[in-house]
Undergrad: 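There's a structure below that I have some questions on.
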Amino acid sequence: MATNRTFTMIKPDAVESGYIGGILKMINDAGFRIVAMKYTKLSAEIAGKFYEVHKDRPFYGELVQYMSSGPIVAVILEKENAMSDFRILIGATDPTKADEGTIRKIYAKSIAANAVHGSDSDENAEIEGAFFFSQLERF
Ligand code: CDP
Ligand code: MG
């Protein structure tokens, strides 16, 4: 598979708990290269736009509230099979169901406050990366 890219966020619970360094170390140790990175805070409006695909799901309101509750770190990552390998590295959405050694198993607090985002397709990885970064910010 050609080298490609995925998009992640370190979510407010993990930033607040001081896990940025630990999570980035796991990402680097798994062979991902950082292409772009930004420490920022989402407004409810921006978080709502980012998660618009989930707008009809019951947890949408809480998700938007939570994702705008504190700073996040947005990152574009590069690796062979980036999207699928990163989903394996982060583990299941619900940390009680995540495999041992995954980022969510180690760092997530709950199904909502689950430490990290990971894109679910190459197409969404491109869309989500572009949501946060211009071409000039990626290298
Ligand atoms: O993040 P992932 O792709 O694993 O899960 P998702 O189904 O795309 O859901 C997006 C996010 O919504 C999750 O990461 C959770 O933060 C939140 N969520 C939730 O609060 N309650 C659920 N039952 C499912 C998801
Ligand atoms: Mg998802």
Side-chain angles (χ1 to χ4, degrees):
M1 256 297 234
T3 295
N4 58 9
R5 291 177 176 188
T6 193
F7 173 78
T8 184
M9 280 186 280
I10 302 176
K11 295 185 175 183
D13 61 292
V15 172
E16 169 70 22
S17 299
Y19 298 152
I20 295 174
I23 290 171
L24 288 177
K25 175 162 169 45
M26 285 185 71
I27 289 171
N28 281 148
D29 288 350
F32 292 87
R33 190 176 77 83
I34 292 170
V35 172
M37 182 158 68
K38 190 178 284 181
Y39 182 89
T40 187
K41 186 168 182 295
L42 307 181
S43 65
E45 189 189 352
I46 297 288
K49 269 191 199 135
F50 183 84
Y51 281 110
E52 202 151 32
V53 290
H54 294 312
K55 68 176 182 304
D56 295 326
R57 295 176 77 180
F59 57 82
Y60 177 72
E62 273 179 51
L63 177 62
V64 168
Q65 198 277 326
Y66 157 64
M67 287 301 296
S68 57
S69 67
I72 58 104
V73 182
V75 191
I76 297 176
L77 297 169
E78 190 168 78
K79 185 187 180 299
E80 274 180 31
N81 303 314
M83 186 283 294
S84 48
D85 282 2
F86 193 72
R87 293 294 306 201
I88 293 168
L89 179 65
I90 67 179
T93 308
D94 180 349
T96 66
K97 297 189 178 126
D99 288 341
E100 291 298 328
T102 60
I103 291 175
R104 282 170 167 168
K105 183 70 174 190
I106 295 168
Y107 291 113
K109 293 184 170 56
S110 66
I111 190 168
N114 59 2
V116 283
H117 169 82
S119 301
D120 64 4
S121 67
D122 288 346
E123 187 193 2
N124 283 338
E126 173 57 33
I127 292 168
E128 291 171 0
F131 188 92
F132 281 89
F133 300 99
S134 74
Q135 289 295 332
L136 285 174
E137 293 171 311
R138 310 176 198 189
F139 56 90

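Just follow the structure's listing: the first ligand is 1, and inside any ligand the first atom is 1.
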Undergrad: Nearest to atom 12 (O) of ligand 1, what protein heavy atom do you find, and at what distance?
TA: F59 CE1, 3.2 Å
Undergrad: Is there at least one pair of N or O atoms, one from L63 and one from ligand 1, spaced under 3.5 Å apart?
TA: no
Undergrad: Under the 6.0 Å and 45° cation-pi test, does K38 pair with F133?
TA: yes
Undergrad: Is there a side-chain contact between Y19 and I103, using heavy atoms and a 4.5 Å cut-off?
TA: no
Undergrad: What protein heavy atom sits nearest atom 5 (O) of ligand 1, and how far away is it?
TA: T93 OG1, 3.3 Å
Undergrad: Is it the side chain (CB and beyond), the backbone, both or neither of I111 that lies under 4.0 Å from ligand 1, heavy atoms counted?
TA: both
Undergrad: May I ask you to check if ligand 1 and Y51 share an N or O to N or O distance below 3.5 Å?
TA: no
Undergrad: How close does the nearest protein non-hydrogen atom get to atom 7 (O) of ligand 1, and which residue and atom is it?
TA: R57 NH1, 3.3 Å
Undergrad: Got the closest protein heavy atom to atom 8 (O) of ligand 1, with its distance?
TA: H54 NE2, 3.1 Å
Undergrad: Hey, does R87 sit under 4.0 Å from ligand 1 if you only count heavy atoms?
TA: yes
Undergrad: Could you tell me whether E16 atom CD has more than 12 heavy atoms of other residues or ligands within 6.0 Å of it?
TA: no
Undergrad: What residue and atom, counting heavy atoms only, is the protein's closest point to atom 16 (O) of ligand 1, and at what distance?
TA: A112 O, 2.8 Å
Undergrad: Taking the six-membered ring of Y60 (Phe, Tyr or Trp), confirm whether the NZ or CZ of K55 is under 6.0 Å from its centre and within 45° of its axis.
TA: no
Undergrad: Hey, does K11 come in under 3.5 Å of ligand 1, counting only N/O atoms on both sides?
TA: yes
Undergrad: Can you report which non-hydrogen protein atom sits closest to atom 13 (C) of ligand 1, along with the distance?
TA: N114 ND2, 3.6 Å
Undergrad: Any idea which heavy atoms bring L77 and V35 closest together, and the distance?
TA: C-CG2, 4.2 Å
Undergrad: For K109 and S17, work out which heavy atoms get closest and say how close.
TA: NZ-OG, 2.6 Å
Undergrad: Y66 to ligand 1: N or O pair under 3.5 Å?
TA: no
Undergrad: Can you tell me how far the CD atom of E128 sits from the OH atom of Y51, to the nearest 0.5 Å?
TA: 8.0 Å
Undergrad: Can you confirm if the aromatic rings of F131 and F7 lie within a centre distance of less than 6.0 Å?
TA: no
Undergrad: Counting only heavy atoms, which portion of R104 has something under 4.0 Å from ligand 1: side chain, backbone, both, or neither?
TA: side chain
Undergrad: Less than 4.5 Å apart, side chain to side chain, heavy atoms only: is that true for I72 and T40?
TA: yes
